[in-house]
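Predicted, not measured: the structure shown is a model, and the values here were computed from it.
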Amino acid sequence: MNKDFLQYQAQTSPYPLGMEVSHASGSYIYDTDGNAHLDFVAGVSACTLGHCHPQVIEAIKNQVDKYMHVMVYGEYSQSPATIYTKLLANNLPAPLEVTYLVNSGTEAIEGALKLARRYTGRSEIIAAKSAYHGNTMGSLSLMDFEERKSVFRPLLPDIYHIEFNNDKDLKKITNKTACVILETIQGGAGFILPKNGYLKKVKERCTEMGALLILDEIQPGFGRTGKLFAFEHFDCIPDILVIGKGMASGLPVGAFTASKEIMHTLSEKPKMGHITTFGGNPVIAASSLATLNVLLNSNLIAETLRKEALFKSLLKHPKIKEIRGRGLMLALIMDTPETANELVLQAKKKNLILFWLLFENRAVRISPPLTISEKEIKEGCAIILALLNSM
């Protein structure tokens with residue numbers, strides 16, 4: 001299978017990990033040789049409830065038996081999407097009340113940027129240095145990593161950058177600014193948390209200047225940090241919330257949420273200001289609804305902080321210089337990039353799945369399913385420590 005995988009499926013790097021997958025269940029992915037691999041990555045934070053959670057599978061099967069795609073987004077009233085967006089609104093603070101369902105996180109970013117420009121009538125967008133919001137042309141334009149951008153230019157104009165957690169940069173937000181877009185927790189940069197009320201200060205400056213604050217919760221959302229959404233830790237409610245990844249427990253999905261007043265501007269002048277064929281797909285909406293119901297009716301969200309503490313108590317080693325992040329969105333910051341790289345590759349041989357981060361080359365990702373058990377955490381951490389001792 002790997003030969004055909006490399007021959008016929010477009011690759012994103014010269015050296016894919018190339019595991020031949022047979023099936024997956026709970027915290028494990030099984031290869032075609034029958035080996036069980038403990039998953040400390042969860043599809044890069046996407047498999048919130050682990051692999052093939054029974055309530056999610058049941059919801060998907062029930063919906064498939066009723067109908068799948070029937071009409072482009074926004075024309076027909078379909079119960080999975082309607083019930084889901086209502087439940088989401090009931091669990092978000094005002095004025096986050098209306099959700100636009102799309103197909104991926106980066107598409108949700110695109111929609112949020114369009115919405116901010118349309119609502120404010122301004123074009124200037126401010127993003128953070130070392131941020132990652134996706135890889136389509138608009139999302140890519142937000143990045144300040146020129147090595148990744150240069151070959152795709154020209155990109156969106158009027159994009160400016162500020163340094164995350166730098167209060168002095170807030171003066172760059174002016175009455176020309178349509179929006180400031182930030183990751184609530186910077187992901188690719190190394191799971192960097194906002195400090196000293198930073199997000200609240202950004203929101204206050206945006207309000208003063210008539211700009212909108214967009215928070216990208218594609219990765220930390222849906223319980224991963226010990227709250228349903230990470231912004232709840234930081235006393236800051238965005239004007240537009242962008243979500244995705246773990247929203248549907250492994251199916252492709254994204255969304256952006258705002259007030260009814262702001263969101264309404266996409267429906268006129270021009271009509272269909274943002275459109276999608278498959279956004280709000282009933283099967284994916286059913287999976288999203290099942291995921292949210294499990295999170296709201298269990299202790300999984302609260303348990304992420306206890307599991308974070310367990311990881312931090314176990315993963316103590318001279319080669320681990322720092323553990324960043326919150327809940328089950330953690331990054332081991334190693335002594336060197338070489339150690340980080342070797343740890344990921346050697347762990348694969350020991351049937352433990354770890355992964356890298358995009359920009360911080362000393363980091364090793366730990367973002368397991370929220371359903372991971374204490375026993376599984378201890379098992380995986382023992383493998384990490386043994387590998388580090390052997391280096």
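Shown here is Lys350, whose NZ atom has no more than 12 heavy atoms of other residues, nucleotides or ligands within 6.0 Å. Atom CD of Glu268 has more than 12 neighbouring heavy atoms from other residues, nucleotides or ligands inside a 6.0 Å radius. Open room surrounds NZ on Lys86; 12 or fewer heavy atoms of other groups in view lie less than 6.0 Å from it. Few gaps surround NZ on Lys171; more than 12 heavy atoms of other groups in view lie less than 6.0 Å from it. Counted within 6.0 Å of NZ on Lys114, heavy atoms from surrounding residues, nucleotides or ligands total more than 12; the atom is thus considered enclosed. Heavy atoms of other residues, nucleotides or ligands lying less than 6.0 angstrom from NZ of Lys307 number more than 12. Within a 6.0 Å sphere centred on CE of Met137, other residues, nucleotides and ligands contribute more than 12 heavy atoms.
Follow the hydrophobic side-chain contacts under 4.5 Å out from Leu328 and you never reach Ile333; the two are in separate clusters. Taken together through direct or relayed side-chain contacts under 4.5 Å among Ile, Leu, Val, Met, Phe, Trp and Tyr, Phe40 and Tyr28 form part of one hydrophobic cluster. Leu142 and Tyr132 end up in different hydrophobic clusters when Ile, Leu, Val, Met, Phe, Trp and Tyr side chains are linked at under 4.5 Å. A single hydrophobic cluster is not seen to contain both Phe359 and Leu343; linkage of ILVMFWY side chains at heavy-atom distances under 4.5 Å, directly or through other members, places them apart. Cluster membership for Ile262 and Val98, using ILVMFWY side-chain heavy atoms within less than 4.5 angstrom, is shared.
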Just list the side-chain donor-acceptor pairs under 3.5 Å for residues 66-81, sequence neighbours left out, or say none.
| residue | atom | partner | partner atom | Å |
| --- | --- | --- | --- | --- |
| Tyr73 | OH | Thr99 | O | 3.4 |
| Tyr73 | OH | Leu101 | N | 3.3 |

Which side-chain N or O atoms in residues 235-248 pair as donor and acceptor under 3.5 Å with protein atoms at least two apart or in another chain?
| residue | atom | partner | partner atom | Å |
| --- | --- | --- | --- | --- |
| Asp235 | OD2 | Lys200 | NZ | 3.1 |
| Asp239 | OD2 | Leu213 | N | 2.8 |
| Lys245 | NZ | Val44 | O | 3.4 |

What donor-acceptor contacts under 3.5 angstrom involve side-chain atoms of residues 9-17, with partners at least two apart or in another chain?
| residue | atom | partner | partner atom | Å |
| --- | --- | --- | --- | --- |
| Gln11 | NE2 | Phe5 | O | 3.1 |
| Gln11 | NE2 | Gln9 | O | 2.7 |
| Ser13 | OG | Tyr15 | N | 3.4 |

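With 3.5 Å as the limit, one finds a donor-acceptor pair spanning the side chains of Glu261 and Tyr119. A side-chain donor-acceptor contact under 3.5 Å links Asn103 and Glu107. Of the N and O atoms on the side chains of Ser27 and Asp39, not one donor lies less than 3.5 Å from an acceptor on the other residue. In the model, Lys129 has no side-chain atom that pairs as donor or acceptor with a side-chain atom of His161 under 3.5 Å. Under the 3.5 Å distance criterion, with hydrogens and angles disregarded, a donor-acceptor pair is assigned to the side chains of Ser139 and Thr106. A side-chain donor-acceptor contact under 3.5 Å links Thr136 and Glu110. Judged purely by distance below 3.5 Å, without hydrogens or angles, the side chains of Ser249 and Thr48 never pair a donor atom with an acceptor atom. Ser373 and Glu376 form a side-chain donor-acceptor contact under 3.5 Å, judged by distance and modelled atom types alone. Using a 3.5 Å distance cut-off with no hydrogens or angles, the side chains of Ser45 and Arg365 do pair a donor with an acceptor.
To the nearest 0.5 Å, the span separating CD1 on Ile275 from CG on Leu266 amounts to 11.5 Å. Expressed to the nearest 0.5 Å, how far CE of Met334 lies from NZ of Lys319 amounts to 7.5 Å. With rounding to the nearest 0.5 Å, the separation of CG in Leu310 from CD1 in Ile377 is 5.0 Å. Here Thr291 contributes atom OG1 and Leu251 contributes atom CG; the two are 8.0 Å apart, rounded to the nearest 0.5 Å. Note that CD1 of Ile320 and NZ of Lys312 are 12.0 Å apart. Values are rounded to the nearest 0.5 Å. If you take OG on Ser141 and CD1 on Ile125, they are separated by 8.5 Å, rounding to the nearest 0.5 Å.
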- Item | Evaluation steps, salt bridge (Lys or Arg N to Asp or Glu O under 4.0 Å), between Arg153 and Glu146 | CA-CA 10 Å; Arg153 287 191 178 278; Glu146 193 58 30; 2.9 Å; yes

- Message: Using the rule given for salt bridge (Lys or Arg N to Asp or Glu O under 4.0 Å), can you reason through Arg122 versus Glu124, listing the C-alpha separation, both sets of side-chain angles and the distance that settles it, and then say yes or no?
- Response: CA-CA 6 Å; Arg122 304 172 182 177; Glu124 181 180 281; over 6 Å; no

- Lys375/Glu379 under salt bridge (Lys or Arg N to Asp or Glu O under 4.0 Å): CA gap, chis, key distance, verdict: CA-CA 6 Å; Lys375 180 181 177 182; Glu379 175 189 340; over 6 Å; no

- Task: Evaluate the salt bridge (Lys or Arg N to Asp or Glu O under 4.0 Å) criterion for residues Glu208 and Arg205: first the C-alpha distance (whole Å), next the side-chain angles of each, then the deciding distance (0.1 Å), finally the verdict.
- Result: CA-CA 5 Å; Glu208 180 185 354; Arg205 178 66 176 175; 3.7 Å; yes

- Message: side chain to side chain donor-acceptor pair (under 3.5 Å) for Ser22 and Asp31? Distances and angles first, verdict last.
- Response: CA-CA 5 Å; Ser22 166; Asp31 64 28; over 6 Å; no

- Query: Could you walk me through whether Glu308 and Leu330 pass the side chain to side chain contact (heavy atoms under 4.5 Å, CB included) check?
  - Reply: CA-CA 8 Å; Glu308 172 195 344; Leu330 301 174; 4.0 Å; yes

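A donor-acceptor pair under 3.5 Å is absent between the side-chain atoms of Lys227 and the main chain of Arg224, judged by distance alone. In terms of modelled atom types and a separation under 3.5 Å, the side chain of Asn91 and the main chain of Leu87 share a donor-acceptor contact. Asn389 contributes a side-chain N or O that, together with a main-chain N or O of Leu385, makes up a donor-acceptor pair within less than 3.5 Å. Here the side chain of Arg118 pairs a donor or acceptor atom with the backbone of Lys269 at under 3.5 angstrom. In this structure, Asn175 contributes its side chain and Met209 its backbone to no donor-acceptor pair below 3.5 Å. In this structure a side-chain-to-backbone donor-acceptor pair under 3.5 Å is missing from Lys149 to Asp144. Between the Glu163 side chain and the Asp169 main chain, no donor and acceptor come within less than 3.5 Å of each other.
Of all non-hydrogen atoms in Cys206 and Val180, the two that sit nearest each other are SG-CG2, 3.6 Å. Summarising the geometry of Thr339 relative to Asp335, their closest heavy-atom pair is OG1-OD1, 2.7 Å, with the distance given to 0.1 Å. Annotation for Thr336 and Arg362: closest pair C-CG, 4.0 Å, computed over non-hydrogen atoms. Across all non-hydrogen atoms, the minimal contact from Cys179 to Ile214 is SG-CD1, 3.8 Å. When all heavy atoms of Tyr84 and Ser288 are compared, the closest pair comes out as CE1-O, 3.5 Å. Here the shortest heavy-atom pairing between Ile185 and Ala230 reads CD1-CB, 4.3 Å.
A distance below 6.0 Å separates the ring centres of Phe229 and Phe222.
Contact of the Val364 side chain with the Phe355 side chain is not registered, since no non-hydrogen atoms from C-beta on lie closer than 4.5 Å. Contact check for Ile353 versus Lys348: no side-chain heavy atoms found under the 4.5 Å cut-off.
Note on Arg306 versus Glu374: salt bridge recorded, some NZ/NE/NH1/NH2 to OD/OE distance being below 4.0 Å.
Below 30°, between 30° and 60°, or above 60°: for His23 and Tyr30 the angle between ring planes is below 30°, a parallel geometry.
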